Amino acid sequence: MGRVSVLPDALANQIAAGEVVERPASVVKELVENALDADASRVVVEIAGGGAELVRVVDDGVGMAEDDARTALLRHATSKIGRADDLLAIHTLGFRGEALPSIASVSRFKLTTRERERDAGVEIAVDGGGEMRVRAAGCPTGTTIEVADLFYNVPARRKFLKQKATEVSHVANLITAMALGHPHVHFRLVRDGKVAADYPVARRLDQRIFQVLGKDVTRRLHEVRLDGPVRVLGYISDGTYVKANASAVHTFVNGRHVRDRTVTHGLLSAYVGRLERGYYPHAVLYVHVPYDQVDVNVHPAKAEIRFVDGGSVHEAISRACRITLTGLGGSVGEPERRVYEGARLGGAPPPPRQQAFAWHLGAPRPIGPVREADGGYGRGGAFYERERRPLPPIPARPWSPAGEAAPAPAGPAASGATPAPPSPVATVTASARPAVAARAPAGGMRVLGEWGPGLLVVAEDDALTVVEPVAAWAFVFSRALAELSAAEPLMFPTQRELDAGDAGRLEAVRAELAARGVEVEPFGGPTWQLVGVPATLAGTAPDALFDALLGRLRGGPATLSGALDALAGAAAASAPRGLDAAHNLLAQIVAHGGLEALCTATPKAAWRVSLATLAKELGR
Amino acid sequence: MLEHRPPDPPRTEEELLARVRALAGKTLGDIARPLHLRVPRDLRRDKGFVGQTLETALGARAGSRPIPDFWHLGVELKTLPIGKDGRPRESTYVCAVPVDALHGLVWETSHVRRKLARVLFVPVEADPARPIADRRVGRATLWSCDDDPERDTLRADWEELASLIRQGFIDRITAHRGRVLQIRPKGADAHDARATVGEDGWLLATQPRGWYLRAAFTNRVLDRHYARPAATS
């Protein structure tokens, strides 16, 4: 037998429990999240002995049929996702299908459940991940889960539990967070038979904050509201009502209570200049991000999340809080630099059902009632309801102009067109330079190789040609320069001092040269400068071009053809050589009439023999 | 002695372009002399000499304010020191990073975008072997970041770096970040400090920083505009 084996399910569940079930509060978290995912409107949490002896969570959700209840206790069994794509947009609080089997593997576990439309329910009991004991049971609609003797079969884990009071405080904090995150759900925490906290259904967020955080905190909070792809809603204190730890900061992303750095940092960054180092404001902040823009599948306990575009979320939170804080005045305020489309506050407020909240009168910017039409916090509230409406996706760049795909500016005029008059300073345009290297020469030519003193041997179907590259390049440049083209500016003009005769001869051909992209101009005194060349000559050193041009003009009459020949010769002399450049040369030759045209125009540039002639010479 | 007085700001873009066109080919000494500007022996202690000389010669009045040099024309002047190989010798300073005031800014409203909306790049020879007075000014090119083929990269760099600062990661930003735009320290001295939000969310004293265009980027801008041998591209 090999040394590697698959672990038994019970052991695998216990290992998974190590990640998911850390303490009684972890159990409560998982079970309450299940209750909320089951659309419960009332969740009662009972604990005894700090949660180690008993955790009971009773909800009035949709309940389960017997088959579903059995399956729910298997590992990786869930009703919340079914396909891999579902992971990309998780709407529920849980989705892993790990919690129930993990909890059941480290406790005496009992699940009692009944669907609304059924008369009888079912009870399933499991001790330490063993066999399921199933029986019919009479029970109310919904699900009740009892977790007794947590870690009874894992003594090592039980040792890590803290004092009862500590564990109870963890559970209480959790219920506080859950209650703040789900105002439309009635939460009750019962500790050792006594009601420790009771938060009835709140129709508005301010009611729930009042229930949970109390009057003193609530009266010092101010509303935050920002609409957009990332929606932010909540209440924050100003910089004078603070705590020395972050326990008063409650942040929720899509209803999930999170301790996320991006969210917390976004909140704190709004307090720049208002908050002493080491202090935190009081805040209850709800952030709603499209589900496909947040990844909750990062941590087994979903304690961490990851945003696709954390910068946008951070910015939205910071901006929303800044707007509120700036409205309050105070020590430091930075003007908002972006037009803020405020929250739509339409609709008449409903009559208050419970408290009138007279305590908030007189506050600088007190909590106002959340209007039903604007998304109250009861079930069906537009802001907080489990998202069933499709949200507008976050555009990659929401501020992107409509003309994102605007074409690049056009290049200089194509060959043959009349060049535009040279502007003093041209704007940058796309380069119109010819391709530097065309790998495959057109016309069915093959370079057989380099031969002798740098000659190129080129084969066609019906002829063999030996090309002298410098003369061939001169032919190419001459043909290119014969066409009208625009000038490309030289970064630094090339200057030469000319005598009166040279200057006169240069002036005589200046306009015609300019039409072909060669720009020369007087600089002052006897100095002239070459300031632009056509794209064809861009690869040649301007000094060499200018010297060749002036040399030709000094030596004879000032003709355009002579000037162009001089430029073509200078460019050819510095053109790249060798086999690597041969393909480019041949492509250029083809573009200017082919090898026959080369032989005709410049006999010294190529020697050509046809296959017929060769066959005749060889007597074949 | 009217010629010794710095010119008034150009009234139109055409006038500005004509002025800068007239400078092409002149040496810094030629330009500084009629303006009575002393040409320093080296630029270590007079880093801004080249830019200030050209600003003066062209009639810019913005000084160090965070507005374009020719604010009425919306044109920013940037000198590019060009080495012997025809490439920019250093990155190009754009503007200070408002480390404490990035919130609410988007690319379109950013200082960088405003500064780069229309830039008059003026190449200036910067071969260390050549005396400063003998270094020549080249032909200017008017460039707009919105028309550049790499505009999306520019925007993406800004957004990434601005987002990092907003989220408090300013101390994690090095000059290696950003493909065409980078952030580097820029301060009068080591004691110069600015307040920004740190990683933990509270204020943090940090050194001032500036936005810079990478030299490779400006080299590509030059390559798209000027006729240059392939070796410099």
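Naming: A, B, ... by sequence-line order, numbering from 1 per chain. Please read these numbers as outputs of a predicted model, since none were measured by experiment.
Neither the backbone nor the side chain of B:Glu160 comes within contact range of chain A, judged by heavy atoms closer than 4.5 Å. Heavy atoms closer than 4.5 Å to chain A are found nowhere in B:Leu80, neither backbone nor side chain. Contacts between A:Glu521 and chain B at a heavy-atom distance below 4.5 Å involve the side chain alone, from C-beta outward.
For chain B, the option among A:Ala541, A:Gly278, A:Pro542 with the highest count of heavy-atom pairs below 4.5 Å is A:Gly278. Chain B forms more heavy-atom pairs under 4.5 Å with one residue of A:Val531, A:Leu267, A:Thr494 than with any other, namely A:Val531. Chain B forms more heavy-atom pairs under 4.5 Å with one residue of A:Arg261, A:Gln495, A:His265 than with any other, namely A:His265. Per-residue heavy-atom pair counts under 4.5 Å with chain A were compared for B:Ala162, B:Ser163, B:Pro123, and the maximum is reached by B:Pro123.
Between A:Glu488 and B:His225, the shortest heavy-atom contact is CB-O, 4.5 Å. When all heavy atoms of A:Phe492 and B:Val124 are compared, the pair lying nearest together is CZ-C, 3.6 Å. A:Thr262 and B:Gln167 make their closest contact through OG1-OE1, 3.9 Å (heavy atoms, listed as atom of the first residue, atom of the second, distance). The two atoms that bring A:Glu519 and B:Arg139 nearest to each other are OE1-NH1, 3.7 Å, heavy atoms only. Closest approach of B:Ala227 to A:Leu490, counting heavy atoms only: O-CD2, 3.6 Å.
In this structure, CG on B:Leu164 lies 10.5 Å from NE2 on A:His314, to the nearest 0.5 angstrom. Atom CD of A:Glu315 is separated from atom CD of B:Glu159 by 11.0 Å, given to the nearest 0.5 angstrom. With rounding to the nearest 0.5 Å, the separation of CE in A:Met491 from CZ in B:Arg136 is 11.5 Å.
The local environment of OH in A:Tyr279 is sparse, with at most 12 non-hydrogen atoms from other residues, nucleotides or ligands closer than 6.0 Å.
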